[in-house]
Amino acid sequence: MDLEIEGLRVLVTAGASGIGLEIARAFVREGARVHVTDIDRAALGGLAADLDLTHSTGDVSDRADAARFFDEALQALGGLDVLVNNAGIAGPTGRVEEISPEDWDRCLEVCLTGQFNCARLAVPHLQQSQNASIINLSSAAGRFGFALRSPYAAAKWGAIGFTKSLSRELGEFGIRVNAILPGLVAGDRIRRVLEAKAQQRGTSFAEMECEALANASLKEYVTPQQLADQIVFLCSPRGRTISGQAIAIDGDLQSLS
């Protein structure tokens, strides 16, 4: 299927590894022009030489830093059609009375305020595009309660509210805004999250993993490629009337353990 995105100008935050890198790869495969930003200099330096994209270092939670890497991205791409707000951190695991205010603040600064910092910079440029989209990464934690992970869940619920509001606000300019809600995504991050919860509950990783997967109709991990495929479709002309949606890619999760 030709998604008709040859030359689409795409910025992916936290795009040097994990889900972000898979998103970047998917866009590049379809002929898009991609710029990634990441706080991890080593990961940026390790990007494959055969992956045709440009990149910048940067922290989405730092407004001055965000302004700098946006300027670099715009210069490299010659404009902007798509912003993928992928940057996020897992945040602390623990009961609310055990979580430090500093850990709470940091989680929301990256996972939610970082999306605001990037969106406000992107909008004036997206208004000039004929196929403009913003994709905000939320989570299954953005629609379920998530015991022992309150900062992360609060940020991801906030990302959905931000998405819905931006969709209404930007629709007059033809800018589509959607949220992606991954479930249990295969990789190091979910392993660390489940290990931390297992330790907090005094159980084993295997038992914690089994309990988490039991909450889904399809009892398997989501792959980063599945998320990337959905995002590329949404940002193509074939997704031109899809906006304001919180799209779950989670094997039909019914709750989070």
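Computed from a predicted structure; not experimentally measured.
A pairwise comparison of heavy atoms in Gly244 and Asn178 identifies N-OD1, 3.3 Å as the closest pair. Between Glu169 and Glu172, the shortest heavy-atom contact is O-OE2, 3.9 Å. Here the closest non-hydrogen pair linking Ala16 and Asp38 is N-OD2, 3.1 Å. In plain terms, the two heavy atoms of Cys107 and Ala155 that are nearest each other are O-CB, 4.5 Å. Listed here is the closest heavy atom pair of Leu253 and Ala140: CD1-CB, 3.7 Å. Between Pro237 and Asn131 the shortest heavy-atom distance is CD-ND2, 3.8 Å.
Put simply, the side chain of Ser100 does not reach to within 4.5 Å of the side chain of Pro92, judged on heavy atoms. The side-chain heavy atoms of Ile23 and Leu227, taken from C-beta on, include no pair separated by under 4.5 Å. Side-chain contact between Leu51 and Leu21 is present, with at least one heavy-atom pair separated by less than 4.5 Å. Looking at heavy atoms from C-beta onward, Cys235 lies in side-chain contact with Ile135 at the 4.5 angstrom threshold. At least one side-chain heavy atom of Val36 sits under 4.5 Å from a side-chain heavy atom of Val34. When side chains are defined from C-beta on, Phe233 counts as touching Ile242, because their heavy atoms get closer than 4.5 Å. In this structure, Val185 and Pro224 have side chains that are in contact, with non-hydrogen atoms separated by less than 4.5 Å. At a threshold of 4.5 Å between non-hydrogen side-chain atoms, the residues Val232 and Ile5 count as touching.
We find the CD1-CD1 distance between Ile247 and Ile231 to be 9.5 Å, quoted to the nearest 0.5 Å. We find the OG1-CD1 distance between Thr163 and Ile180 to be 9.5 Å, quoted to the nearest 0.5 Å. To the nearest 0.5 angstrom, Ile19 atom CD1 is 11.0 Å from Gln226 atom CD. Interatomic distance, CG of Leu47 versus OG of Ser17, reported as 9.0 Å (0.5 Å rounding).
For Ile39, the side-chain contact (heavy atoms from CB on, under 4.5 Å) partners at least two apart in sequence or on another chain are Asp59, Arg106. Here Phe173 pairs with Gln127, Leu170, Ile175 under the side-chain contact (heavy atoms from CB on, under 4.5 Å) rule; sequence neighbours left out. With sequence neighbours excluded, the residues that form a side-chain contact (heavy atoms from CB on, under 4.5 Å) with Ser255 are Asn215. Residues satisfying the side-chain contact (heavy atoms from CB on, under 4.5 Å) criterion with Asp252, sequence neighbours excluded, are Ser217, Gln254.
Under a 4.5 Å side-chain heavy-atom criterion applied to ILVMFWY residues, the cluster that includes Ile160 comprises Leu181 as well. Hydrophobic cluster membership of Leu108, counting Ile, Leu, Val, Met, Phe, Trp and Tyr whose side-chain heavy atoms lie under 4.5 Å apart directly or via other members: Ile99, Trp104.
Residue pairs satisfying the side-chain hydrogen bond (donor to acceptor under 3.5 Å, both in side chains) criterion with at least one member in residues 138-160, sequence neighbours excluded, are listed as follows: Arg143-Asp250. Listed by first and then second residue, the salt bridge (charged side-chain N to carboxylate O under 4.0 Å, His left out) pairs involving residues 194-208 are Arg191-Glu195, Arg201-Glu211 (not counting sequence neighbours). Applying the side-chain hydrogen bond (donor to acceptor under 3.5 Å, both in side chains) rule to pairs touching residues 117-126 yields Arg63-Asn117, sequence neighbours excluded. For residues 12-32, the pairs satisfying salt bridge (charged side-chain N to carboxylate O under 4.0 Å, His left out) are Glu22-Arg29, with sequence neighbours left out. Applying the side-chain hydrogen bond (donor to acceptor under 3.5 Å, both in side chains) test to residues at least two apart or on different chains, the pairs with a partner in residues 231-247 are Ser167-Ser243.
If you chain together hydrophobic residues whose side chains sit under 4.5 Å apart, Val222 and Leu256 never meet in one group. At a threshold of 4.5 Å between side-chain heavy atoms, the hydrophobic network of Ile, Leu, Val, Met, Phe, Trp and Tyr places Leu218 and Leu213 in two separate groups. Both Ile134 and Leu11 belong to a common hydrophobic cluster when Ile, Leu, Val, Met, Phe, Trp and Tyr are linked at side-chain heavy-atom distances under 4.5 angstrom. Under a hydrophobic clustering in which Ile, Leu, Val, Met, Phe, Trp and Tyr are joined whenever their side-chain heavy atoms come within less than 4.5 Å, directly or via other members, Val123 and Val12 fall into different clusters. Residue Leu148 is not grouped with residue Phe146 when hydrophobic side chains (ILVMFWY) are merged at heavy-atom distances under 4.5 angstrom, including chains of intermediate members.
Judged purely by atom type and a 3.5 angstrom limit, Arg176 uses its side chain to pair as donor or acceptor with the backbone of Leu234.
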For this session: Under the side-chain hydrogen bond (donor to acceptor under 3.5 Å, both in side chains) rule, what do Gln230 and Gln225 come out as? Steps first, then yes or no, please.
Result: CA-CA 9 Å; Gln230 180 67 74; Gln225 180 64 58; over 6 Å; no

Could you pull out every donor-acceptor pair under 3.5 Å between side chains of residues 69-89 and any protein atom, sequence neighbours left out?
residue : atom : partner : partner atom : Å
Glu72   : OE1  : Ser56   : OG           : 2.6
Glu72   : OE1  : Arg68   : NH1          : 3.3
Glu72   : OE2  : Arg68   : NH1          : 3.1
Asp81   : OD1  : Arg9    : NH2          : 3.0
Asp81   : OD1  : Ser129  : OG           : 2.6
Asp81   : OD2  : Arg9    : N            : 2.9
Asp81   : OD2  : Arg9    : NE           : 2.9
Asn85   : ND2  : Gln115  : O            : 3.4
Asn85   : ND2  : Asn136  : OD1          : 2.9
Asn86   : ND2  : Thr13   : O            : 3.1
Asn86   : ND2  : Ala14   : O            : 3.0

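No more than 12 heavy atoms of other residues, nucleotides or ligands sit less than 6.0 Å from atom CG of Asp52.
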